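In listed order, ligands and their atoms are each counted from 1. Predicted model, so just to flag it, every value in this text is computed and none were measured.
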Amino acid sequence: MGKGRPVEGKIALEEHLSTPLNDALWDATGEAERNGKTYMADVRAHLADAGERVALMDEHGIGTAILSLTSPGAQSVLDPREAVDFARETNDTVKRDFVDAHPGRLEFFAAVALQDPQAAADELDRAVRRLGAKGALVNGYTNIGDPGTGRYLDHPDNAPFWAKAAELGVPVYLHPREPLPAGHYLYEGYDSLTGSAWGFGHETATHAVRLMLSGLFDTHPGLQIILGHLGEGLPFLLPRLEHRLRKQREGTGLGRARRRVGEYFQENFLLTTAGHFHTPALRCALEAIGSDRVLFSADYPYETMAEAAAWFDAAPLCDNDRVKIGRNNALRIFNLVPGPS
Ligand code: ZN
């Protein structure tokens with residue numbers, strides 16, 4: 001245990017990009033107001049750049065990055081047909097301009113339009129089988145025709161999508177987005193809390209709990225969901241959720257699920273270090289879920305690879321855990337060939 005050798009050839013999997021099509025749609029003015037115009041202008045420039053990203057990966061011992069379209073992506077396209085076209089075009093662009101431009105260094109998670117769950121299933125199939133996508137990344141709830149309406153992933157209409165993810169054996173990364181407009185009331189007077197500083201985690205942790213209580217993992221016991229930010233607080237909070245549901249609701253609070261939430265967490269979830277470079281939180285995540293289910297990530301360009309890698313390489317871990325979290329878990333889960341080290 002202690003400061004070991006840095007892991008070379010690390011694999012990072014919450015790493016974001018944008019495309020010209022997404023840029024035309026992406027409204028970051030809210031984030032810019034809240035998070036600082038200079039910061040967001042900087043992020044925007046880095047999102048589109050593949051070459052600069054690979055140079056930074058070289059500098060910080062990252063062999064491979066699995067990329068995804070920045071939040072909210074396809075989930076915020078109001079018209080279902082447009083959303084389906086948007087996802088398909090995004091995946092083709094990402095494959096051509098990022099993955100094929102840097103073979104062996106950049107991989108990707110598919111964008112999917114859950115406005116039409118069957119189309120999302122078909123696109124996931126195409127993206128995985130024909131384009132080599134490593135799974136899908138979904139940015140929270142999906143707007144259905146109106147920015148005030150959101151459908152969460154536990155909705156029964158999403159059944160074809162989940163069946164396809166299970167059939168292909170690929171994970172789904174549940175990435176945050178801001179709460180629905182009605183949910184902003186909680187943060188009234190404190191706009192800076194709605195986004196990544198606080199609201200993202202609150203929104204995404206609740207979304208993950210909905211999945212656990214929905215019975216989804218009884219239907220598809222092998223399904224794997226990835227959460228960033230060391231599990232959005234769940235490693236710390238889930239035991240109390242489970243305790244109170246049992247004590248106060250006599251089990252009825254468990255929704256349609258047959259098992260305890262903690263069992264699903266340990267068997268159906270994977271956590272990344274994206275954007276949460278804090279050793280006590282890492283220890284908590286490792287205690288809750290074990291070192292086979294925690295994976296290194298940066299959350300570039302919202303975070304820097306320099307900070308993510310420097311923290312991780314010096315974190316108090318035994319060498320075996322550091323190599324698993326930094327690289328080997330991802331090699332196993334995504335069937336990757338080791339990159340340069
Ligand atoms: Zn992110």
Side-chain angles (χ1 to χ4, degrees), residues 10-19 22-23 26-28 30-32 34-36 39-40 42-50 53 56-57 60 62 64-76 90 94 98 106-112 133-142 153 171-179 192-208 225-234 269-278 281-282 285 294-309 311-312 330 334:
K10 287 186 282 292
I11 299 169
L13 50 142
E14 189 183 312
E15 316 306 322
H16 303 302
L17 58 79
S18 193
T19 64
N22 186 61
D23 263 356
W26 196 40
D27 178 9
E31 280 288 312
R34 285 190 286 277
N35 293 340
Y39 169 83
M40 283 309 283
D42 208 33
V43 161
R44 227 177 165 132
H46 295 317
L47 279 167
D49 196 321
R53 177 186 307 258
L56 285 167
M57 287 162 60
H60 300 293
I62 300 173
T64 307
I66 307 180
L67 308 178
S68 48
L69 186 64
T70 195
S71 183
Q75 276 63 61
S76 67
T90 296
V94 172
F98 288 84
L106 302 180
E107 303 284 351
F108 80 113
F109 288 119
V112 288
K134 299 301 171 194
L137 182 138
V138 177
N139 291 299
Y141 60 86
T142 297
L153 285 165
V172 174
Y173 206 123
L174 176 54
H175 187 274
R177 68 179 292 190
E178 289 198 3
S192 56
L193 295 184
T194 54
S196 52
W198 187 258
F200 269 24
H202 188 196
E203 172 77 22
T204 312
T206 307
H207 198 162
I225 307 295
I226 310 173
L227 295 175
H229 318 117
L230 285 171
E232 313 287 5
L234 290 176
F269 283 79
L270 302 157
L271 313 180
T272 76
T273 65
H276 200 344
F277 316 130
H278 190 225
L282 174 65
V294 178
L295 297 94
F296 172 77
S297 288
D299 207 354
Y300 178 83
Y302 296 93
E303 304 285 348
T304 65
M305 294 186 214
E307 187 178 358
W311 165 75
F312 177 72
F334 301 106

What closest approach, in Å, do E232 and A205 show between heavy atoms, and which atom pair accounts for it?
O-CB, 3.4 Å
Ignoring hydrogens and geometry beyond distance, is a side-chain donor-acceptor pair present between E14 and Y173 at under 3.5 Å?
yes
D299-H276 side chain donor-acceptor pair, cut-off 3.5 Å:
no
Which is the closest N/O/S atom of E14 when seen from the Zn ion (ligand 1)?
OE2
The atom name of the N, O or S atom in D299 nearest to the Zn ion (ligand 1) is OD1
Under 2.8 Å from the Zn ion (ligand 1) - does any N, O or S atom of H175 fall there?
yes
Evaluate the ring planes of H175 and F200, with Trp represented by its six-membered ring, and classify them as parallel (under 30°), tilted (30 to 60°) or perpendicular (over 60°).
perpendicular
